[in-house]
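What you are looking at is a predicted structure, and each value in this text was computed from that prediction instead of being measured.
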Amino acid sequence: MSSLVNMLVDMGFEKERVETAVAKTGSADVQVVMDWMLANEEEPAAVEPNPMAQPEPEAAPAALAKSIKCDDCGKLFNSSEEVEFHASKSGHGNFSESTEEKKPLSEEEKKEQLAKIEAKLRQRRLEREAREKEEALERERARIKSGKDMLEAKKRHDELEMKKIIEQRRREKEDELKAKQRVREQIQADKLARKAKQAGQPQEAAPTPPVLADKRPPQDYSEVKLQIRLIDGKTLSQSFGAKEPLSAVRLYIEMNRTDGDGPFKLMTSFPRKVFSTDDYDKPLDTLGLAPTATLIVSKS
C-alpha cells in the first residue's frame, strides 16, 4: 500500500486524501483508488476512527477463492469494497467468487492507467476553468447592464430637468417682453401728454395703455417656482405653495443664502417692484409671482 500511496502523492495528490481513498476502497489498484477520489472530491481528507464502533468480525475466506469476479464484464476484484465501487460505477450486479488471482498491473499497464488518470484530471480542470470563466463573464455582463441602466435613468432625469428649465425661461422671457411693452406704451403716452401741454392745448388725461391680452387662460396655480438671485451672483431654485406668504420665501433665503448674513430686500426686475414689509404677509399668487418668477436679493 505504501508504494501506491507514494505513487499517487508523486502525481500531486494530497497524502491524506490518498490514504482516505485507499482506506475506503481497500484496494491496491491505482485505477480503483483514482476513480474513488475523482468521484468523491468533496469527501473529507481524513477519516477519524470511531472509538465506539465495534470491529466487524472478519469473514472466513473461502478455501479456494482468490478473487471476486463480475459475471457481467469479467473483471476481477480483491475486496468487497472494490466490488461495491465497481457496481456503483457500472451498474453491474452479478458477482461470484473466483479461483483466479488478480494479477498486478505491469509497468505498461500502470503507465496507461496513469495516462488515463491524467487525462481525466486535465478534463476536469478544463471544465472547471471554463465554468469559472463563464460565471465571470456573466457577472461582468450583469455589471455592465446595471451601469447602462443607471446611465439611462440619469440621462432621462437630466432631459426632464432641462425641459423644465427651458420652459421656465420661455415663460420668464414672455413676461419680460410684456412688461417692456407696457413700459414703452407708458413712455409714449407721457410724450404725447408733454407735447400737448407745450402746445397750450388743455391737458387731457393720459390714455391708459392697453393691457396686453394674455392668450393663456387664467389658471388657479397651486405651486410657485422661484429663481432667487443672490447678491454674490449665485442662484437658488425652490418651489413654494401658491398660498404661502412671501415671508416663507424670505425665511428660506435666510437659511440657504451664501452671500453673507446682512439685511436684504427682495425685488423683481420686470416689472420692477421692491417688496415692502406689508407684502411679506401676502400670498405669492396675489403678488403676481405665480406660476414662475425671478426674485432678486439686494442689500437693504
Side-chain angles (χ1 to χ4, degrees), residues 1-140:
M1 289 291 185
S2 61
S3 60
L4 173 60
V5 173
N6 294 334
M7 180 190 304
L8 293 174
V9 170
D10 292 339
M11 292 173 60
F13 291 99
E14 297 179 0
K15 183 177 180 181
E16 292 80 1
R17 185 163 295 281
V18 175
E19 291 176 345
T20 300
V22 172
K24 286 287 186 179
T25 60
S27 174
D29 191 327
V30 174
Q31 179 64 45
V32 173
V33 176
M34 281 298 305
D35 286 344
W36 189 92
M37 285 193 292
L38 293 175
N40 298 271
E41 292 182 342
E42 302 301 326
E43 184 75 13
V47 178
E48 295 292 336
N50 185 355
M52 302 300 296
Q54 295 296 326
E56 297 181 1
E58 297 183 359
L64 299 177
K66 295 183 179 180
S67 63
I68 301 173
K69 183 177 181 180
C70 176
D71 296 332
D72 295 323
C73 65
K75 287 187 176 181
L76 299 176
F77 305 98
N78 289 328
S79 66
S80 58
E81 287 83 2
E82 292 182 24
V83 172
E84 292 175 1
F85 182 74
H86 174 74
S88 64
K89 297 287 289 185
S90 63
H92 297 167
N94 298 313
F95 299 89
S96 61
E97 294 182 346
S98 174
T99 57
E100 297 181 51
E101 183 178 0
K102 184 178 178 181
K103 297 180 180 179
L105 295 176
S106 64
E107 291 300 324
E108 292 296 328
E109 289 174 333
K110 289 181 181 179
K111 290 180 180 179
E112 182 180 352
Q113 291 292 341
L114 288 175
K116 290 180 180 180
I117 293 169
E118 291 174 355
K120 287 184 179 180
L121 291 174
R122 283 195 300 269
Q123 182 64 26
R124 291 286 184 89
R125 190 182 308 112
L126 291 174
E127 291 174 356
R128 184 177 63 255
E129 291 175 354
R131 184 171 61 254
E132 292 174 351
K133 184 177 180 181
E134 181 61 29
E135 291 173 354
L137 289 174
E138 186 63 28
R139 289 194 298 270
E140 181 65 16

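Side-chain atoms of Asp35 and Gln31, non-hydrogen and from C-beta on, do get closer than 4.5 Å to each other. Using a 4.5 Å cut-off on side-chain heavy atoms (C-beta onward), Asn94 and Cys70 make no contact. Using a 4.5 Å heavy-atom threshold, the side chains of Trp36 and Thr20 count as touching. Side-chain contact between Glu138 and Glu135: absent, with no pair of heavy atoms (C-beta onward) separated by less than 4.5 Å. Taking 4.5 Å as the limit, every side-chain heavy atom of His92 sits out of range of all side-chain heavy atoms of Asp71.
Of the inter-residue distances, the one linking Asp29 atom CG with Met34 atom CE reads 11.5 Å to the nearest 0.5 angstrom. For the atom pair OG of Ser98 and CG of Leu76, the computed distance is 5.5 Å after rounding to the nearest 0.5 Å. The distance from atom CD of Gln123 to atom CD of Glu127, rounded to the nearest 0.5 Å, is 4.5 Å. One finds the NZ atom of Lys24 at 14.0 Å from the CE atom of Met37 (value rounded to the nearest 0.5 Å).
Annotation for Val18 and Val5: closest pair CG1-CA, 3.8 Å, computed over non-hydrogen atoms. Residue Asp72 comes nearest to Gly93 through the heavy atom pair OD2-N, 3.2 Å, listed as atom of the first residue, atom of the second, then distance.
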* To do: Report the C-alpha distance between Phe85 and Val32 in whole Å, list the side-chain angles of each, state the deciding distance to 0.1 Å, and finish with yes or no for side-chain contact (heavy atoms from CB on, under 4.5 Å).
  => CA-CA 8 Å; Phe85 182 74; Val32 173; 4.2 Å; yes
* Asked: Going through the checks in order, is the side-chain contact (heavy atoms from CB on, under 4.5 Å) test met by His86 and Cys73?
  -> CA-CA 11 Å; His86 174 74; Cys73 65; 3.5 Å; yes
* Apply side-chain contact (heavy atoms from CB on, under 4.5 Å) to the pair Glu97 and Lys69, showing each step before the final yes or no. => CA-CA 6 Å; Glu97 294 182 346; Lys69 183 177 181 180; over 6 Å; no
